[in-house]
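Down below is the structure, laid out as structure tokens.
We count ligands from 1, going down the list as the structure has it; atoms in each ligand are counted the same way. Just so you know, these numbers come straight off a predicted model, no measurement behind them.
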Amino acid sequence: MARYYLTTPIYYVNGAPHIGHAYTSIATDVLARWKRLDGHDVFFLTGTDEHGQKVEKAAAEAGLDPQTFADRNAARFREMTERMGVSADDFIRTTEERHKIGCIALWRKLEASGDIYPGHYEGWYAVRDEAFYNAEEITEHQDGRRTAPSGAPVEWVREPSYFFRLSAWQDRLLELYESQPDFILPSSRRNEVMSFVRGGLTDLSISRTTFSWGIPVPGAPGHVMYVWLDALANYITALGYPDEDAPRWAYWPADAHFVGKDIVRFHAVYWPAFLMAAGLPPPRRITTHGWWTVDGEKMSKSLGNVLDPLELAETYGLDPLRYFLLREMPFGNDGTISRKSLITRLNVELANDLGNLAQRTLSLIARNCDGRRPAKGVTTADDAELFAAARALPDRLRTVMDRQAFHEALEETWRIIRAANAYIDRQAPWALRKTDPVRMATVLRVLAYTIRVVATVLQPFMPSSMGRMLDQLGVPVALRDLASLGVELPAGELLPPPKGIFPRYVEPTM
Ligand code: MSP
């Protein structure tokens, strides 16, 4: 079985999870579930990023020591992972011993390869981004504030520091982007990264001495590792690094690191450079996504518009929320979330298009076929056309999913759902009961198969409701993967009584 390793970013524990975090995790989860469905041996990692100045500061503001604070918030991210149906195989925390051991080993390796040297850092730093910026990147405002391109305030930092020889890796990085054209998806981001690297790389400060909440640098009292070196290493420490005989190590290199557009530079420039310097192969792909705004506005605590994914799932249902997030915003672009558009998609696309199709078909089978899976008789061109379109769907989606174009996968699937709705109206099986029951059975059989295909390929997006739909179609659990779509299910089998899967959302009246 082909191995497939994919990761979410690890989340800063300075605050509570919001919809942006849930989005990254859900998108990664959809691909993880898809790859499993397609017969891969998947390892899916998520976790929390717990060191650094940002977390230390937030802990101090909360009046807690950083470890207690991190424990508390890491638990909330773990809860978010579970409640969002994110099927991660492991949850790594950077304060765990296994991670620290791996980081120290990585540091020593970089030191041994001559990629680390001591010096002094002097320049701009944004705690919010945990990032160093050079002078050209800083904007000075009229009121004297200085900010990074991300909008984060910067401060002037001057301290002894170890450096990573990033400048030495410029050509190798460019070679990597050239030889693996899909290394950064979508390609607009690839161009940005390439021009950044072509513009010249300066060596990177990788230790800090003005605070202590981090992994101590081996043999250098007073230094803690720069939080991004520590954080990025999670992708290998979770696999058992430095023990390259650990069973999980076989999953390296990662097939896809999912990241938001704000953290592309760390993943597409620093991370492969660290790995190559350590003699390890770089990941195969950095899949980047855009940012959500809420009703067109940036989410922020001060605006009070931060969306809580747990509340949204509670109100509208987890699967509708997952569907909405992947359908509404073309993966890679930015998008805006509003309750109104979520409700519209839920009521139109889920309750109406898909829910009604299943409900109509299954209740006709219940009523007119004694609740037994109908048999196929002679088929017409109309039947063959729908059947063939459904049968071809998994292959079409495979290509689309390999580009992580989730919205396109959903559009392709809805094309089939709409075709099936048009087919049922055209064939009017309800009118055939008396006149031509054999024909009615054939039509219902074609529809049941189409719904089976649709429910099968939609499982990664909406695991629990599609599981229920497949239950109602009497598809055994062992036959719910893509490969089993070729296995015909016997006619005459008794199906469970149909139940609506997607109730319409009606605004509660006060
Ligand atoms: N700790 C780092 C990642 C280290 S990975 C080695 C970090 N954490 S984060 O908690 O700030 O962000 C995690 C992810 O959430 C990022 O991919 C980021 O893009 C995503 N999002 C945060 N807000 C978002 C939106 N409003 N919309 C979409 N995703 C956003 O960065």
> Can you check whether Y162 and Y226 have ring centres sitting under 6.0 Å from each other?
Replying inline: no

> Among protein heavy atoms, which lies nearest atom 20 (C) of ligand 1, and at what distance?
Replying inline: T24 OG1, 3.6 Å

> How many angstroms lie between atom CG of D182 and atom OH of Y177, to the nearest 0.5 angstrom?
Replying inline: 14.5 Å

> Can you tell which of K54, E130, E56 makes a side chain to side chain contact (heavy atoms under 4.5 Å, CB included) with V227?
Replying inline: E130

> Between F183 and R284, is there a cation-pi geometry (under 6.0 Å to ring centre, at most 45° from the normal)?
Replying inline: no

> Considering only protein heavy atoms, which is closest to atom 19 (O) of ligand 1, and at what distance to one decimal place?
Replying inline: D262 OD1, 2.6 Å

> Should the proximity of W228 to ligand 1, defined as any heavy atom under 4.0 Å, be assigned to the side chain, the backbone, both, or neither?
Replying inline: side chain

>> Between ligand 1 and F258, can you find any atom pair, the residue atom being a heavy atom, that is separated by under 4.0 Å?
In response: no

>> Looking at E314, I want to see if its CD is surrounded by more than 12 non-hydrogen atoms of other residues, nucleotides or ligands under 6.0 Å.
In response: no

>> Suppose I only count heavy atoms of G290 and a 4.0 Å limit; which atoms of ligand 1 are within that range?
In response: 28 (C)

> Starting from atom 3 (C) of ligand 1, which protein heavy atom do you reach first, and at what distance in Å?
Replying inline: I10 O, 3.2 Å

> Atom CH2 in W156, atom OH in Y125: separation rounded to 0.5 Å?
Replying inline: 15.0 Å

>> Counting neighbours of NZ on K261 that are heavy atoms of other residues, nucleotides or ligands and sit closer than 6.0 Å, is the number greater than 12?
In response: yes

> Purely on distance, is any nitrogen or oxygen of V259 under 3.5 Å from one on ligand 1?
Replying inline: no

> Closest non-hydrogen protein atom to atom 23 (N) of ligand 1, residue and atom name please, with distance?
Replying inline: H18 CE1, 3.2 Å

> Atoms of ligand 1 less than 4.0 Å from M299 heavy atoms?
Replying inline: 26 (N)

> Thinking salt bridges, do D402 and R285 make one under a 4.0 Å N-O criterion?
Replying inline: no

> Where is the tightest heavy-atom contact between H407 and R327, given as atom of each residue plus distance?
Replying inline: CB-O, 4.1 Å

> Is there a heavy atom of H289 sitting under 4.0 angstrom from any atom of ligand 1?
Replying inline: yes

> Hey, which of W252, W249, Y251 is the one that makes ring-ring contact (aromatic ring centres under 6.0 Å, His included) with Y241?
Replying inline: W249

> For ligand 1, is there an N or O atom under 3.5 Å from any N or O atom of I263?
Replying inline: no

> Considering only protein heavy atoms, which is closest to atom 17 (O) of ligand 1, and at what distance to one decimal place?
Replying inline: G260 N, 2.8 Å

>> What protein heavy atom lies closest to atom 13 (C) of ligand 1? Include the residue and the distance to one decimal.
In response: Y11 CD2, 3.4 Å

> For D49, is at least one N or O under 3.5 Å away from an N or O on ligand 1?
Replying inline: yes

> Is the shortest N/O to N/O distance between W291 and ligand 1 below 3.5 Å?
Replying inline: yes

> Is H267 in contact with ligand 1, taking contact as a heavy-atom separation below 4.0 Å?
Replying inline: yes

> Say you draw a straight line from OH of Y12 to CG of N14; how long is it, rounded to the nearest 0.5 Å?
Replying inline: 8.5 Å

> Quick one: nearest non-hydrogen protein atom to atom 8 (N) of ligand 1, plus distance?
Replying inline: Y12 CD1, 3.3 Å

>> Does the residue K298 have a heavy-atom contact with ligand 1, meaning some pair of atoms that are separated by less than 4.0 Å?
In response: no

> Is W292 close to ligand 1, meaning an N/O of one under 3.5 Å from an N/O of the other?
Replying inline: yes

> For ligand 1, which atoms have a heavy atom of A231 less than 4.0 angstrom away?
Replying inline: 6 (C)

> Pick from F331, Y323, W34: which one makes a ring-ring contact (aromatic ring centres under 6.0 Å, His included) with F406?
Replying inline: F331

> Of all the non-hydrogen atoms in the protein, which one sits nearest to atom 6 (C) of ligand 1, and at what distance?
Replying inline: Y235 OH, 3.5 Å

> Is E50 salt-bridged to R93, going by a charged N under 4.0 Å from an acidic O?
Replying inline: yes

